[in-house]
Amino acid sequence: MDESRDPASSEPPRDHDRARTTRRGLYALGGGVTLFVFAVLIRDEFHHAPTPDAAVSAPGTPVSFTPPPMSKIPGGPEGDAIRHGLAIFENTGTQASQFVGNGLACRNCHLDGGRKANSAPMWAAWVSYPQYRSKNGKINTMEDRLKGCFSYSMNAQDSPSGGPPKPGDPVYADLQTYFHWLAKGAPTDTKLKGAGFVKLKLTALGYDRSRGQAVYAQHCAACHGADGQGRTDLNGRVVFPALWGPKSYNWGAGMAVVNNAAGFIKANMPLGAGNSLSDQQSWDAAAWIDSQERPKDPRQKGTVEENAKAFHAKEKTFYGKMVDGHLLGTGTAPPTRIASR
Amino acid sequence: MTAPPPEDERFEPYEPRRRIPLPVYWIAIALVLWGAMTLLQDSAAHRRSDTARIAQARQTLAQQDAPGALLFAERCSTCHQGDGGGIAGAVPPLSGSPVVAADPHAIVQILLHGITGPIAIEGKTYDGHMPAFASVLDDAQLARLASYVRRTWGSRGPTLDAAFVARERAATANRAGPWQGGADVAQMVPAMGAQPSNPIAPPAPDQALAMRIAFNGVRGGWSCASCHGMAGEGRDGVPRLAGLPADYIAAQLTNFASGARANDSMYTVSRQLAPAERAALAHYYAGLATPSNARPSLGGDIGRGATLALLGDDRAQIPSCFSCHGSSGFGVAPSFPAIAAQHPGYAAGRVAAIAALGKNANLMTPIAKRLNDADRRAVADYLATLPPTPAGVATARKER
């Protein structure tokens, strides 16, 4: 552009002049468009959250997946099973009342009806079973996994039937039909983004229950209560689930292991403000919650110490530890069953 | 001025032929493109909003004319569930219920006035609290709703018409407050069998004090009723108080007095109240069963509002309203206020205030910030279509 500055002393040939004008026009247009694109890019950077890349990702890197919207549930017998599976998922204590021994429902840990990434979404679970689990040392089908959910997270030992649904129970079939539908179109040969819970690296400070008590009081107690017993609405229906005590998950549940709870808290809690707590706060809150007494581990045959050795040796857990002069793992008395159950 | 050089005598002014610098072209072209893009986007937004408005108008029409199934899905299924199975220990089922099977006059009366108190259905006792729909659904809508419930879970009786509901409404027009538990319902439905007795709670000792302040004010201050209405029903821009959790009301009065919640009028009023007076007022308003006078007034998209309230918007990280404010927006004591039947002007304004002024420790602040203006109006208008909280029970419940 500097050349344009020097005044043309000699009259250039017409052709040369025209060529130069054209060239300048191109420069002007090119520069203008570049400037415009640049401005748009900058604006998008500030105004819009980065959108997930739709481009094909390299093999091995996790792929994002979005489950179909609820409005797309088909009709017919399959649709009925999907809807019933969803009803069990959302309202487990009523729809599978025989197998639920606490006040929880599937959706308490698997948020948005099992759709939310990083809260162990069911579309990601569906495509990763059958799988080997060190928890029971065998290949688990989805039904085996669900049996585990009922045994531990739903504390089936205190339920009216005294245990999880028997193999082949329609509860399993309908839940699986719902999961299968949620995973419609999900690839089976690759990792999905948001599967399971976030795996938090242990911080330098580790986790500490007394720090956790302070985090809990500030960030958790408004909903779950200072006593961790959750809250019900005016009809007695659970709105915020109990985090410990007889109405919560038992010592065999995945959520009773500190790193699982920390990962769940980090990405999802407080509700609507996921990732607002620091890693340290998440670890500490998890430590406070998971160092409270809860229903006993249903696998326990002998003493708590023996069971701790058999099933909890490799876990970050408070099971079998003495806290405030109390041996954790002893269990709670079953909740007085409400007359109407 | 000294003598100029002779050449300049013949000086002809001329403009050296200098081209416009390229950057000027660049900026001009970029601006033109930017303008074109903005124009295009704006016109697209206009077209979209027109389409949305037309679709919404159609939807509103369809809703007023909605078959009972849709009415049930929107108003009843959060508690009774889509399959009528209810919630163990909390909400009685409709399938198999003698009330649904009985003479239609019972179900219409329950829909009109609601029920509060223990009720036994199929041998199981529920401490039931059902809202009154008389103030939010018209006769034709109630007829369709009752017909749907009876057709689905009861006898195949005749389809009810609006005139039937109108007669039922007129017959109990003087009734204030809900039916008292299964005992009242059994008088309409003999097949209910034995029902638990429903001890009517004696009026709280501080009720006289509360009513004196509510209607006359104290120490020369304004009365509550002068703004919030004779029965705590509120008006546009002034919140409904009836049925809010008592602890919540008391906490707000404390916050107004300390300035933690900024409001000039309430600052003045609440500072005149002693703690005992605040508690008395809180109990009084929490226990009022007042019909709703809230109506959608902000032009919000009610369908979008319903989606936000019931399901939230996971892409925008907005959890459903009901996940914290209770499954029907009736509030969760002590901290979460009832939002059903709240006035839209107040509700949307409150969300805007929390977004602008709220502290980050407040759970609602990040959510309020993510709700844009259209969403705030949508959800506020939707909440105004809901029945009011069944009153008298919204205080902290005894642990089961």
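No experiment lies behind these values; they were computed from the predicted model shown. Below, chains carry the letters A, B, ... as their sequence lines are ordered, and counting in each starts from 1.
- Note that CG of A:Leu35 is 10.0 Å distant from CH2 of B:Trp34, once rounded to the nearest 0.5 Å.
- Side chain of B:Trp26 to main chain of A:Tyr27: a donor-acceptor pair is present (N/O by atom type, distance under 3.5 Å, no hydrogens or angles).
- Scanning both residues, A:Thr232 and B:Val332, for their nearest heavy atoms gives O-CG1, 3.7 Å.
- Looking at A:Glu90, there are no atoms closer than 4.5 Å to chain B (heavy atoms on both sides), in backbone or side chain.
- Residue B:Ser335 touches chain A through its side chain alone, counting heavy-atom pairs closer than 4.5 Å.
- The shortest heavy-atom contact between A:Cys223 and B:Phe336 is SG-CZ, 3.3 Å.
- Residue contact with chain B, scored on non-hydrogen atoms closer than 4.5 Å, involves the backbone and the side chain of A:Leu29 alike.
- Closest approach of B:Tyr25 and A:Ala28 over heavy atoms only: CB-CB, 3.4 Å.
- Annotation: salt bridge (charged side-chain N to carboxylate O under 4.0 Å, His left out) contacts of A:Asp112 (sequence neighbours excluded): none.
- Counting heavy-atom pairs under 4.5 Å between each of B:Ile318, B:Ile87, B:Ile367 and chain A puts B:Ile87 at the top.
- Contacts between B:Ile27 and chain A at a heavy-atom distance below 4.5 Å involve backbone atoms as well as side-chain atoms.
- Here the CG-CE distance, from B:Leu311 to A:Met70, works out to 7.5 Å after rounding to the nearest 0.5 Å.
- Annotation: the span from B:Ser320 atom OG to A:Leu271 atom CG amounts to 7.5 Å, rounded to 0.5 Å.
- In this structure, chain A has no heavy atom under 4.5 Å from any part of B:Ser328.
- A:Thr94 and B:Ala88 get closest at one heavy-atom pair: OG1-N, 2.7 Å.
- Between chain A and the options B:Ser323, B:Gly85, B:Pro93, the largest number of non-hydrogen pairs under 4.5 Å is found for B:Ser323.
- Heavy-atom pairs under 4.5 Å with chain A were tallied for B:Gly128, B:Gly86, B:Cys324; the largest tally goes to B:Cys324.
- Contacts between B:Glu122 and chain A at a heavy-atom distance below 4.5 Å are absent for every atom of the residue.
- The nearest pair of heavy atoms linking A:Arg237 to B:Thr78 is NH1-O, 2.5 Å.
- Residues A:Val239 and B:Gly326 come closest through the heavy atom pair CG2-CA, 4.2 Å.
- Residues of residues 80-87 of chain A placed with any heavy atom under 4.5 Å of a heavy atom in chain B are absent; none qualify.
- There is no contact between A:Thr34 and chain B, counting heavy-atom distances below 4.5 Å.
- Here the SG-CG distance, from B:Cys79 to A:Asn235, works out to 5.5 Å after rounding to the nearest 0.5 Å.
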